[in-house]
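So the structure is just underneath, and the comments pick up after that.
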Amino acid sequence: MARHLITSAIPYINGIKHLGNLVGSQLPADLFARYQRGRGNEVLFLCATDEHGTPAELAAAKAGKPVEEYCAEMHEVQAKIAEGFRLSFDHFGRSSSEQNQVLTQHFAGKLAENDLIREVSETQIYSHADGRFLPDRYIEGTCPNCGFESARGDQCDNCTKQLDPTDLINPYSTISGSTDLEERATKHLYLRQSEMRGKLAEWIDSKSDWPVLTTSIAKKWLNDGDGLQDRGITRDLDWGVPVKKGEQDWPGMEGKVFYVWFDAPIEYIASAQEWVDADKGTDWERWWRTDKGADDVTYTQFMGKDNVPFHTLSFPVTIFGSGEPWKLVDYIKSFNYLNYDGGQFSTSRGRGVFMDQALDLLPADYWRWWLLSHAPESSDSEFTWENFQSSVNKDLADVLGNFVSRVTKFCRSKFSEAVPEGAEYGEEELALINELTSRTRAYEQHMQDMEVRKSAQELRAIWAAGNEYLQTVAPWSTFKTDPDKAAIQIRLALNLIPFYAVLSAPFIPDASASLLASMNVTDTSWPEDVAARLSALQVGHEFTVPEVTFRKITDDEVTEWQETFAGTRD
RNA sequence: GGCGCGGUAGCUCAGUUGGUUAGAGCGAUCGACUCAUAAUCGAUAGGUCGGGAGUUCAAGUCUCCCCCACGCCA
C-alpha cells in the first residue's frame, strides 16, 4: 500500500476565494486525494488558512475587529465552504496555530545555526502617533514620480511605479492619518537563499517529470539577472510569529515577527501536528520525518503558478537548510489561471463567481465537474456561462444522469425494481466489458499522472460507452421477442451504475454516493477486476429508481447569472 | 523595455523524442431509435496548425524575425 502526503497551497485568510483559486490548487488536490484513497492507498491530505501579514491586519481593521477574532471567524467561513465543495482535507489547519509558531521558530533557529540567516539594517518610517513602523500599505503619500496623492508605500496605484516608503512626499499613516513620522533604522533578517542556488538548481534539474510550468518558473528565479536573491523574512508588525531563535530570544529583533511567506509553508508540517492534536491522527512524524517512517511517503503539492517560487525555492531552502531529515516534496503540480468571461476574476471588483455564491446556485458536483474537466493545466483557461451550461447539461445530465434514468425506469416498467433473471452474458456484453476494462486502466493512468483534463475525458467516454451499448442491443426491442435476453442486457446496464459511481467518486462525490444508495450497494472498493464488478449485482437485488441525478441549467439562468456576476458592484 | 506561457476546426482544448490523408468533446447538418432528464446512437461538413524565412528526404512539432493575447518583473 502506497502512502501519499498531499497538500494544497493554503488560501489567504482575507475573504472568500473565487473559482479560479479553487481550481488552481484545492480542487485538483482533492481529486488526487480521493483517487488515492479510492485505490486503497494511505493518504494524508492537508490544507490550512494563511493568516499572517499586512492584508489580514488591514481587513480586520476594516471589519472593526481584533485580528485574532477576524482570522478565527474567517477560518470558520472558509472551512465551511471547503466542506461545501466536499474538499476532503484530513485537517484544515491555521498558520496562526501554536504548533506553527513553535515550528517556525525552530526552523529559524536551525537556519541561523547553519549560517543561512543574515541581519540587515534598513531605514523605515516610524510613526510616533501609532507607536510602530509603517511598512507597505500602512503608509501613503504623494508619488515622487507622477504626483498622485494617494500612492502607497510599496507602489503607486496611478503610475504603477514601485516605491519605497521613504520615497513618498508628504507621507502619512493610513492607520491614524498622522504625519508625525520619522525615518528610523531597523534591523531585519534575510534568508540566504543565494547560498543554496547550486543545490536548488541541481535538485530542480533532477525533476525531469515535473510540469514545465513548474520547472520553468523555478529556473527563471534561479537564473534571472544576478540569480536567486536573498529575501527578508521579518517584518515590523504585531500580527505574526514572534521572531525567535528556536526557544531563545533573538537579540535586536524584539517586537518583530516573521514575514508571512516564511511561516506559511511551514504550516504544511504544523497542520499535521494539529491533525494529531485534534485527535484525528496518532503520528505526524511518520509523514514528515524521513528518519521516523516518512521515507516511503510520496509527497505531492498542488498550487497556482504564483506560488511556484515559494515551493520550488524558498521552502526547500528552509528544509535543506535546517539540516534535519524533513520530507521534501516529490512532485509539484502547478496550474495556470482561470479567467472569467474574457477577463480576470477580480476580488476587489466582485467580478466572477466566488465559492460561496457558486454553492448557492448549484450543488458542488456541478462545479467540480466543470472546473476539473477544464482545469488550466497547459495554459490559462476560461470560464463562460455558455460553456458551463453545455458541459453540465451534456456530460452530467444527458450522458450520465439520463443513462441511470433510462436504465432504472426501463427495468421498473418491464420487470421490477430488482435485477431481473436471465441467462449468461453474450458477445456484445463481453465486448463492452473489454472496452470498459481498457478504458478503466487508461483512466487510472491519467489519474495517477495527475492529468486532470484527460482523466475527465476518459471518464466521460466510460459513461458514454453505456449509452452506446444500450443503443446497440436495444433492450426495448429485444424485450418484445426475447424477454430473457432483454433481462441480461438490462442486468449489465444496472451493474454499470454502481461501477460508474465508484469510478466517478473523485470528481462528483455526492452524486456517486446517492447513486450507490439508490442501487442499494455498499461496496465502494476500486474495480480492479472490471468483469467481476459488472456482474456483482445478483438476480433479485433490489434498488430504487433515483431522483433526477443532475438537472439542466436553463437559458434563462445563464442570462441571469451573466448579469449578476459581471462585477459592477463595489 | 526585459522575461515567461500561449496563438491548432464556430467554441473549449489534445497533439509523445520532426515521418503516411492534423484529433476529441460541444455546436451545425443529415440519418437511426423511442427505454429515458425533447434524452441516446451513427454519419457528414468545417482548419494553407498567427504571419514570413530557414534547416531537413520530411515540420503543427527544430532555428531566426515579425504580429497578437495574457502574465510576471523593471
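Proteins come first, then strands; the chains are lettered A, B, ... in the order of their sequence lines, and each starts at number 1. Since the model is a prediction, treat every value here as computed from it, not as a measurement.
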Fill in: P atoms of B:rA59 and B:rG19, separation to the nearest Å
11 Å
Worksheet, complete the sentence: By nearest-nucleotide position on RNA chain B, the 5'-leaning member of A:N393 and A:S381 is A:S381
Item to complete: Kindly label the base of B:rG46 as syn or anti, based on whether its glycosidic torsion lies within 90° of 0.
Response: syn
Worksheet entry | Sidechain-backbone polar pair: A:E195 side chain, A:R192 backbone, donor-acceptor under 3.5 Å | no
Worksheet entry | Residue pairs involving residues 487-500 of chain A (criterion salt bridge (Lys or Arg N to Asp or Glu O under 4.0 Å); sequence neighbours excluded) | none
Worksheet item: A:K394 side chain: which of B:rU37, B:rC26, B:rG71 is closest?
Response: B:rC26
Worksheet item: In whole Å, what separates the C1' atom of B:rG6 from that of B:rG50?
Response: 11 Å
Practice prompt. Strictly below 4.0 Å, heavy-atom distances to any atom of RNA chain B: list the hits from residues 500-512 of chain A, or just say none.
Written response: none
Item to complete: Taking side chain to side chain contact (heavy atoms under 4.5 Å, CB included) as the test, write out the residues that go with A:Y337, two or more places apart.
Response: A:K305, A:D306, A:D380
Fill in: Atom P, compared across B:rU61 and B:rC30: separation rounded to whole Å
38 Å
Item to complete: Starting from C1' on B:rA24, measure out to CD on A:E451 and report it in whole angstrom.
Response: 15 Å
Worksheet item: To the nearest Å, how far apart are A:N336 CG and B:rG7 P?
Response: 12 Å
Practice prompt. Measure the distance from CG on A:D306 to P on B:rG71 and round it to the nearest whole Å.
Written response: 13 Å
Practice prompt. Would you please indicate if the ring centroids of A:F388 and A:W561 are separated by under 6.0 Å?
Written response: no
Worksheet entry | Integer angstrom distance from the C1' of B:rA28 to that of B:rG10 | 9 Å
Worksheet entry | Distance in angstrom units between A:L362 CG and B:rU37 P, rounded | 20 Å
Worksheet entry | Selection: residues 459-487 of chain A, any non-hydrogen atom under 4.0 Å of RNA chain B | A:R460, A:A464, A:N467, A:E468, A:Q471, A:W476
Practice prompt. Nearest whole angstrom, please: distance from the C1' of B:rC70 to the CG of A:L338.
Written response: 14 Å
Discussion item. Here's a test of your reading of the structure: between A:F550 and A:N387, which maps to the more 5' nucleotide of RNA chain B?
Written reply: A:N387
Discussion item. Can you check the distance between B:rC57 and B:rG15, where both ends of the measurement are the C1' atom (answer in whole Å)?
Written reply: 24 Å
Discussion item. Enumerate the salt bridge (Lys or Arg N to Asp or Glu O under 4.0 Å) contacts for residues 409-431 of chain A, please, sequence neighbours excluded, ordered by first and then second residue.
Written reply: none
Worksheet item: Using the C1' atom in both, what is the distance from B:rA74 to B:rU12, to the nearest Å?
Response: 35 Å
Practice prompt. Take atom NZ of A:K207 as the centre, draw a 6.0 Å sphere, and report whether it contains more than 12 heavy atoms from other residues, nucleotides or ligands.
Written response: yes
Fill in: A:K454 NZ to B:rG23 C1', straight-line distance once rounded to whole Å
12 Å
Fill in: Interface with RNA chain B, restricted to residues 395-416 of chain A and to heavy atoms under 4.0 Å
A:A397, A:D398, A:G401, A:N402, A:S405, A:R406, A:K409, A:F410
Worksheet item: Which whole number of Å gives the distance between the C1' atom of B:rG27 and that of B:rA53?
Response: 38 Å
Worksheet entry | Which nucleotide in B:rG15, B:rG71, B:rA24 has an atom nearest any side-chain atom of A:Q457 | B:rA24
Worksheet item: Taking atom C1' of B:rA69 as reference, at what distance in whole Å does atom CD of A:E382 sit?
Response: 11 Å
Discussion item. For the residue pair A:Q562 / A:E386, report whether a side-chain donor-acceptor contact shorter than 3.5 Å exists.
Written reply: yes
Item to complete: List in chain and number order the residues that pass side chain to side chain contact (heavy atoms under 4.5 Å, CB included) with A:A487, two or more places apart in sequence or in another chain; answer none if no residue qualifies.
Response: A:F415, A:P420
Discussion item. As a check on the pairing definition, encode RNA chain B in dot-bracket form, counting Watson-Crick and G-U wobble pairs whose two distances are under 3.5 Å, and using | for partners outside this strand.
Written reply: ((((.((..((((.....[...)))).(((((.......))))).....(((((..]....))))))).)))).
Between side-chain atoms of residues 508-519 of chain A and protein atoms elsewhere (two or more places apart, or another chain), which donor-acceptor pairs fall under 3.5 Å?
unit_1: A:D510; atom_1: OD1; unit_2: A:R86; atom_2: NE; d: 2.8
unit_1: A:D510; atom_1: OD2; unit_2: A:R86; atom_2: NE; d: 3.0
unit_1: A:D510; atom_1: OD2; unit_2: A:R86; atom_2: NH2; d: 3.3
unit_1: A:S512; atom_1: OG; unit_2: A:A501; atom_2: O; d: 2.6
unit_1: A:S514; atom_1: OG; unit_2: A:A511; atom_2: O; d: 3.2
unit_1: A:S518; atom_1: OG; unit_2: A:S514; atom_2: O; d: 3.1

Discussion item. Give me the distance, rounded to whole Å, that separates B:rA9 from B:rG52 when you measure between the P atoms they each carry.
Written reply: 16 Å
Worksheet, complete the sentence: By side chain to side chain contact (heavy atoms under 4.5 Å, CB included), A:N467 pairs with (sequence neighbours left out) A:V399, A:F403, A:R406
Worksheet item: Between B:rU12 atom P and A:Y337 atom OH, what is the distance in whole Å?
Response: 21 Å
Worksheet entry | Those residues that, when tested against A:F345, pass ring pair (Phe, Tyr, Trp, His ring centres under 6.0 Å) (two or more places apart) | A:H18, A:Y340
Discussion item. For a quick check of understanding: with a heavy-atom distance under 4.0 Å over all strands, which category does A:R453 fall into, base, sugar-phosphate or nothing?
Written reply: sugar-phosphate
Worksheet item: Regarding A:T234 and A:H188, is there a side-chain donor-to-acceptor distance under 3.5 Å anywhere?
Response: yes
Fill in: A:D484: partners by side chain to side chain contact (heavy atoms under 4.5 Å, CB included), with sequence neighbours left out
A:D482
Worksheet item: Does one side chain, of A:T559 or A:W385, offer a donor that lies under 3.5 Å from an acceptor on the other?
Response: no
Worksheet item: Within 45° of the six-membered ring axis of A:F507 and under 6.0 Å from that ring's centre, is NZ or CZ of A:R368 located there?
Response: no
Discussion item. Measuring from atom OG1 of A:T554 to atom CD of A:E560, what distance do you get when rounded to the nearest 0.5 angstrom?
Written reply: 8.5 Å
